[in-house]
Amino acid sequence: MYEYIKGPVAELSPTHAVVEGGGLGYHILISLQTFSALQKEQGPVHLWLHHHVREDAQLLYGFAHKGEREMFRLLIATSGIGPNSARMILSSLSSEELRQALLTEDLMRLKSIKGIGLKTAQRLIVELKDKVAKTGFEEDALLSAGPSGGTAHSSIRQEASSALQMLGFPKAAVDKTIDHLLRQHAGYTLEELIKIALKQI
């Protein structure tokens, strides 16, 4: 079982990172909140790993904070929530925001996540409320907080479009949503643009 990986980032997008370790490059699927943390890192990164095995593939999911990984594991243990849905949830809300939504039974906030309907939101609350009440998901920062670099407008649009398509949304709907958002406000960061688009596609 993989526990964590530490090494330089060879490639980074809002949905995955390639991290070098022992002369190998590991393709690791990440959430938007982990992407945001990795953008700030100047040197080697430290990602907590979850190794997911299915019939046709073995996948690595990586998390900037151990608490995010624990929340991910709680989510995928919930009926009807797979790894991709869990990653979508953790791209829409931080671990602590999700914890608070579960504790306060905030159905509206949970339903605002793409792909989460009323019944799924209710099931998440029933199955996870007591579990998250016993656990704090503090962000145990293992990454240094260096300054994040700026990204050109066209590059942000392209990266956001690519990330949303990799999450399973059709290109036409993605581009229409992103163009609409950028016409309203051109100053979005990549993370902000993806988060808002996730709620509107």
Side-chain angles (χ1 to χ4, degrees), residues 1-7 9 12-19 21 26-41 44-54 57-117 119-145 163 166-168 191 194-195 198:
M1 178 71 71
Y2 297 106
E3 180 66 9
Y4 64 83
I5 187 170
K6 186 175 182 180
V9 176
L12 179 63
S13 85
T15 55
H16 78 273
V18 176
V19 179
Y26 293 87
H27 186 277
I28 301 168
L29 300 170
I30 60 174
S31 70
L32 197 54
Q33 58 179 301
T34 287
F35 168 72
S36 180
L38 293 181
Q39 276 193 309
K40 301 173 184 176
E41 179 58 35
V45 301
H46 185 158
L47 289 180
W48 298 94
L49 297 176
H50 176 82
H51 184 206
H52 182 72
V53 180
R54 64 188 195 197
Q58 295 190 41
L59 305 173
L60 286 175
Y61 291 84
F63 308 91
H65 307 289
K66 197 171 186 179
E68 185 188 1
R69 183 180 67 174
E70 298 315 306
M71 184 64 87
F72 176 85
R73 287 176 169 172
L74 287 177
L75 287 168
I76 63 175
T78 304
S79 174
I81 302 293
N84 284 336
S85 295
R87 184 167 61 139
M88 179 77 74
I89 292 168
L90 291 170
S91 291
S92 302
L93 300 175
S94 72
S95 302
E96 184 55 32
E97 288 171 339
L98 178 57
R99 179 173 181 265
Q100 290 303 317
L102 293 167
L103 290 175
T104 59
E105 300 187 15
D106 190 344
L107 283 171
M108 292 304 296
R109 188 158 202 186
L110 294 172
K111 283 171 56 185
S112 73
I113 301 167
K114 193 69 177 179
I116 302 298
K119 289 184 178 180
T120 302
Q122 290 172 331
R123 187 164 57 246
L124 285 169
I125 290 170
V126 169
E127 295 192 27
L128 297 184
K129 182 179 177 180
D130 290 343
K131 293 178 181 178
V132 301
K134 299 173 184 176
T135 312
F137 291 94
E138 70 280 352
E139 297 193 344
D140 44 0
L142 293 173
L143 304 169
S144 64
M166 289 176 71
L167 287 172
E191 181 183 8
I194 295 172
K195 272 195 171 184
L198 278 171

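Residue numbers run from 1 in the order of the sequence given. Reckoned from all heavy atoms, side chains included, excluding hydrogens, waters and symmetry mates.
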Could you state the interatomic distance from [atom1] ([X]) to [atom2] ([Y]), rounded to the nearest 0.5 Å?
| X | Y | atom1 | atom2 | answer |
| --- | --- | --- | --- | --- |
| Met71 | Ile89 | CE | CD1 | 9.5 Å |
| Leu47 | Lys66 | CG | NZ | 14.0 Å |
| Thr120 | Leu107 | OG1 | CG | 11.0 Å |
| Glu127 | Thr78 | CD | OG1 | 5.0 Å |
| Lys111 | Gln122 | NZ | CD | 8.5 Å |
| Leu60 | Tyr26 | CG | OH | 8.5 Å |

For [X] and [Y], indicate whether the former's side chain and the latter's backbone hold a donor-acceptor pair under 3.5 Å.
| X | Y | result |
| --- | --- | --- |
| Ser31 | Arg87 | no |
| Ser112 | Arg109 | yes |
| Gln58 | His51 | no |

Checklist entry - Out of Glu3, Arg73, Glu70, Arg69, which one pairs with His50 under the side-chain hydrogen bond (donor to acceptor under 3.5 Å, both in side chains) rule? => result Arg73
Shortest non-hydrogen contact between [X] and [Y], atoms and distance:
| X | Y | result |
| --- | --- | --- |
| Gly62 | Ile28 | N-CG2, 3.1 Å |
| Trp48 | Ala64 | CD1-O, 4.1 Å |
| Ala163 | Ile194 | CB-CD1, 3.9 Å |
| Leu93 | Gln33 | O-NE2, 3.4 Å |
| Leu90 | Phe63 | CD1-CE2, 4.5 Å |
| Ser13 | Phe35 | O-CD1, 3.2 Å |

[Y] and [X], any side-chain heavy atoms less than 4.5 Å apart:
| X | Y | value |
| --- | --- | --- |
| Lys114 | Ser92 | no |
| Leu12 | Ile30 | yes |
| Gln100 | Leu103 | yes |
| Leu198 | Ser91 | yes |
| Ile81 | Ile116 | yes |

Item to check | His27 and His16 aromatic ring geometry - parallel, tilted or perpendicular at 30°/60° bounds | outcome: parallel
Next on the checklist: Tell me whether the rings of Tyr61 and His52 are parallel (<30°), tilted (30 to 60°) or perpendicular (>60°).
Outcome noted: perpendicular
Item to check | Worked verdict on His65 versus Ser95 for side-chain contact (heavy atoms from CB on, under 4.5 Å) | outcome: CA-CA 9 Å; His65 307 289; Ser95 302; over 6 Å; no
Checklist entry - Given Leu98, which of Val132, Leu110, Leu124 fulfils the side chain to side chain contact (heavy atoms under 4.5 Å, CB included) condition? => result Leu110
Checklist entry - Does the separation of the ring centres of His46 and Tyr4 fall below 6.0 angstrom? => result yes
